[in-house]
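See structure below.
It should be emphasised that the depicted structure is a prediction, and the values quoted were computed from it without experimental measurement.
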Amino acid sequence: VSNPLSRTDKDAIHGELKPYLASPSDIFGKEDLNDLLAKRPEIERRHYKLWLSSASVLSHMLNKPIFDRSSWSIEETLLTASRYVRTANHDLAITTLEKLHVVIITGEPGVGKTTLAEHLCLHYVSQDFQLFTVAEEIRECEAVFEPNKRQIYYFDDFLGRNYLEALSGHEGNHIVQFIRRIMRDGSKRFILTSRSTILNQGKMLIDNFQHQQLDKNEFELKVASLTDFDKARILYSHMWHSGLPPEYLEQVRAEKRYRVIINHKNYNPRLISFITDSERVESKTPKDYLEYVFQTLRNPADVWEHPFAAQEDDFGRAIVLLVTLNGKY
């Protein structure tokens, strides 16, 4: 029935309907029906009269893209969770989030900012936080913000991927205000990522970044912060889950050649993911694979071709070429 029923009400109804009703638990009042609908939200969405006055359902309908995107993001992260290596950086970032509720993960391309951020999100989802993955602007977060509800927001490359995409002062101030709002709300977490160079540019463009002293929220991710053991674990995990035939993996293991990879000056997680991608080496023999690995380490041009060509503007590419041709690596 659509009326609220107390335990006394149910006992009275049960007494009247004996022996046709087995127990009071077979009587459903308003609260029971709402509990059932909460477990089966697809039924509520299917019948508009059930959700027309529901604020949560209306919010879901109006902001469906971010709900769908966030759900898909969790599924994608789960697919890569098996190869993720939890290093000291993971625990330090969680410590920052627990203390300040906001962390800005910064670092150079390929260092693993996005991977770390995604698995931090997964950690909080396992703690019953609701994830919202932002695509374009901070207004997406504000549209789904619910006070006193465990929510975590994730904004990847929040300042864009090159200087021309750096946010205007108005939008930047908008983000700073939302960060302050999150820092005062113990039920929320906010994870942002940005390349170090872009974040520094944003600080120059947006006065509020300096005024609010957001440096304390920065968590810089560096390859240098990874121990040799961390590097070895990352390599091992990627090789184990790569799908490469054993004879290919043996080429890396034999004579402890993996040490060359771990200690190489060009080592970073993105490069390791690249050289352990089985689809890239289908036409290579095991011996060719070893040469491919070492050649990619010496000259990782293929690894950085897309970021250089697609993610940098003409000005950025010119700077890279000038620095490289001048011999300043």
Side-chain angles (χ1 to χ4, degrees), residues 1-84 86 90 94 97-98 101-102 117-135 138-155 178 181-191:
V1 296
S2 58
N3 292 315
L5 294 175
S6 66
R7 181 176 297 275
T8 302
D9 294 332
K10 291 184 180 182
D11 289 338
I13 295 173
H14 176 241
E16 293 295 328
L17 295 179
K18 281 184 179 180
Y20 307 105
L21 198 64
S23 73
S25 62
D26 291 327
I27 302 170
F28 291 82
K30 180 179 180 179
E31 295 83 359
D32 303 302
L33 293 175
N34 287 335
D35 289 342
L36 287 173
L37 286 173
K39 296 177 182 178
R40 299 294 299 273
E42 70 278 7
I43 295 176
E44 187 174 15
R45 289 195 294 268
R46 193 182 307 144
H47 302 279
Y48 75 92
K49 289 184 179 180
L50 293 173
W51 57 258
L52 197 57
S53 60
S54 171
S56 60
V57 175
L58 283 174
S59 174
H60 190 284
M61 299 296 290
L62 293 172
N63 300 287
K64 190 174 184 296
I66 191 171
F67 280 94
D68 291 348
R69 185 190 316 121
S70 303
S71 177
W72 180 83
S73 176
I74 294 172
E75 293 176 10
E76 286 291 293
T77 305
L78 284 170
L79 291 176
T80 62
S82 58
R83 70 179 63 188
Y84 177 69
R86 181 168 175 166
H90 182 103
I94 288 181
L97 279 166
E98 289 301 301
H101 305 156
V102 177
E118 289 173 346
H119 286 83
L120 289 174
C121 290
L122 194 60
H123 166 81
Y124 279 99
V125 168
S126 70
Q127 304 295 319
D128 295 326
F129 279 75
Q130 185 175 15
L131 172 65
F132 293 102
T133 304
V134 185
I138 204 66
R139 290 174 180 81
E140 298 174 52
C141 296
E142 294 177 326
V144 294
F145 187 97
E146 291 188 41
N148 303 317
K149 186 172 181 179
R150 292 160 74 89
Q151 296 175 316
I152 180 167
Y153 307 94
Y154 171 42
F155 200 164
F178 189 75
R181 188 178 180 185
I182 295 295
M183 291 176 68
R184 295 176 182 175
D185 190 329
S187 65
K188 306 288 188 292
R189 302 291 183 271
F190 193 12
I191 300 173

Identify the heavy atoms of S187 and D185 that sit nearest to each other, and give their distance. OG-OD1, 2.6 Å
Is the NZ or CZ atom of K188 both under 6.0 Å from the centre of the six-membered ring of F129 and within 45° of that ring's axis? no
Shortest non-hydrogen contact from Q151 to E146? OE1-N, 3.1 Å
Under the side-chain contact (heavy atoms from CB on, under 4.5 Å) test, residues paired with A135 that sit two or more places apart: R69, E140
Main-chain N/O of S73 paired with T133 side-chain donor or acceptor, under 3.5 Å: no
With rounding to the nearest 0.5 Å, note down the distance linking CD1 in I74 to CG in L79. 12.0 Å
Rounded to the nearest 0.5 Å, the CZ atom of F155 sits from the CD1 atom of I138 at a distance of 6.0 Å
As an exercise, state the distance from CZ of R150 to OH of Y124, rounded to the nearest 0.5 Å. 9.5 Å
Can you tell me how the ring of F145 sits relative to the ring of Y153, calling it parallel under 30°, perpendicular over 60° and tilted otherwise? parallel
Using the test side-chain contact (heavy atoms from CB on, under 4.5 Å), find all partners of H14 that sit at least two apart in sequence or belong to another chain. K18, L21, P24, I27
Please report the shortest heavy-atom distance between I94 and L120, naming the atom on each side. CG1-CD2, 3.5 Å
For residues E31 and L5, report the shortest heavy-atom separation together with the two atoms involved. OE1-N, 3.7 Å
About how many Å separate CG of N34 and NZ of K39, when rounded to the nearest 0.5 Å? 12.5 Å
I want to check something: taking the side chain as every heavy atom from C-beta on, are F67 and V144 in contact at a cut-off of under 4.5 Å? yes
Pairing residues for T8 by the side-chain contact (heavy atoms from CB on, under 4.5 Å) criterion, not counting sequence neighbours: S6
Cationic N near anionic O, under 4.0 Å, D32 to K10: yes
Working to the nearest 0.5 Å, report the span between CZ of R139 and CD1 of I66. 13.5 Å
Counting N and O atoms only, with roles assigned by atom type, does the side chain of S126 sit under 3.5 Å from a partner on the main chain of H123, one being a donor and the other an acceptor? yes
Taking everything shown except E16 itself, do over 12 heavy atoms lie less than 6.0 Å from its CD? no
Rounded to the nearest 0.5 Å, what separates atom CD1 in I191 from atom CD1 in I152? 3.5 Å
Ring geometry between F178 and F190 (parallel below 30°, tilted from 30 to 60°, perpendicular above 60°): perpendicular
